[in-house]
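As structure tokens, the structure follows; a few thoughts come after it.
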Amino acid sequence: MADLWMGNVEDNTSDDEINDFLIKYGFPPFDRIHRYHGTGARPAIVLSFSGTSPDALRNLQARVHNMFWKGRPIVVQVMPERADRS
């Protein structure tokens, strides 16, 4: 399983819009989404992809990192693997 962090995603963007956007650029569908609203200025999400390696996501990351989407430049990073997954 691999996780992808996307920062500066417009708060009212639906899960389906995010999934469609990523699939358009070659990503597999994500299995889980966690939203981080923070102060609201630059909301972020973490997407989990089961059956996908971090290396596979790294190969796709450059396709969308720093892209201007929905009026904002988004920042996309592959999260480090965690040993505490259950």
Side-chain angles (χ1 to χ4, degrees):
M1 178 181 281
D3 292 331
L4 187 74
W5 180 84
M6 292 178 68
N8 205 25
V9 175
E10 187 176 305
D11 215 13
N12 65 356
T13 305
S14 72
D15 294 0
D16 288 337
E17 286 177 293
I18 295 164
N19 199 39
D20 291 346
F21 170 74
L22 291 174
I23 287 172
K24 178 180 177 180
Y25 291 97
F27 286 80
F30 60 85
D31 301 298
R32 212 173 27 183
I33 185 170
H34 187 84
R35 294 178 181 268
Y36 296 91
H37 300 287
T39 63
R42 288 193 160 92
I45 56 176
V46 173
L47 305 167
S48 296
F49 297 82
S50 64
T52 302
S53 71
D55 286 336
L57 290 183
R58 276 187 208 90
N59 288 333
L60 298 168
Q61 171 189 350
R63 296 179 183 187
V64 294
H65 179 63
N66 286 329
M67 180 178 277
F68 200 75
W69 183 50
K70 296 190 78 172
R72 298 169 177 245
I74 58 170
V75 178
V76 180
Q77 298 293 320
V78 177
M79 302 281 291
E81 289 186 81
R82 296 181 299 180
D84 64 337
R85 285 197 190 260
S86 48

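Every value quoted in this text rests on a predicted model; they were computed, and no experiment measured them.
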Looking only at the side chains, is there a donor atom on one of Ser48 and Asp31 sitting less than 3.5 Å from an acceptor on the other? no
What residues, two or more places apart in sequence or in another chain, satisfy ring pair (Phe, Tyr, Trp, His ring centres under 6.0 Å) together with His65? none
List for me each residue that meets side-chain hydrogen bond (donor to acceptor under 3.5 Å, both in side chains) alongside Asn19, sequence neighbours excluded, and say none if there are none. none
Using side-chain contact (heavy atoms from CB on, under 4.5 Å) as the criterion, list what pairs up with Ala62, not counting sequence neighbours. none
Arg32 and Met1: side chain to side chain contact (heavy atoms under 4.5 Å, CB included), yes or no, with the steps? CA-CA 11 Å; Arg32 212 173 27 183; Met1 178 181 281; 3.8 Å; yes
Would you please test Tyr36 and Ile45 for side chain to side chain contact (heavy atoms under 4.5 Å, CB included) and show each step? CA-CA 6 Å; Tyr36 296 91; Ile45 56 176; 6.0 Å; no
Can you name the side-chain hydrogen bond (donor to acceptor under 3.5 Å, both in side chains) partners of Asn12, sequence neighbours left out? Glu10
With sequence neighbours left out, what residues match Phe21 under ring pair (Phe, Tyr, Trp, His ring centres under 6.0 Å)? Tyr25, Trp69
CD/Gln61 to CE/Met6 distance, rounded to the nearest 0.5 angstrom? 11.0 Å
Any Lys/Arg nitrogen of Asp11 or Arg72 sitting under 4.0 Å from an Asp/Glu carboxylate oxygen of the other? no
Donor-acceptor check, side chain of Asn8 to backbone of Pro73, threshold 3.5 angstrom: yes or no? yes
Determine the sole option in Val76, Asp3, Leu57, Ile18 for which the side-chain contact (heavy atoms from CB on, under 4.5 Å) test with Leu47 is passed. Ile18
Check: Leu22 and Pro29 side chains under 4.5 Å, non-hydrogen atoms: no
Using 0.5 Å steps for rounding, measure from the CH2 atom of Trp5 to the CE atom of Met79. 9.0 Å
Work out which heavy atom in Ser53 is nearest to a heavy atom in Ala2; give both atom names and the distance. C-CB, 3.7 Å
Tell me, do Phe27 and Val64 make a side-chain contact under 4.5 Å, heavy atoms counted? yes
Taking all atoms of both residues into account, what is the closest heavy-atom pair of Ala44 and Gly7, and its distance? CB-CA, 4.0 Å
Heavy-atom pair of closest approach, residues Pro28 and Leu60: CD-CD1, 4.1 Å
Using salt bridge (charged side-chain N to carboxylate O under 4.0 Å, His left out) as the criterion, list what pairs up with Asp20, not counting sequence neighbours. none
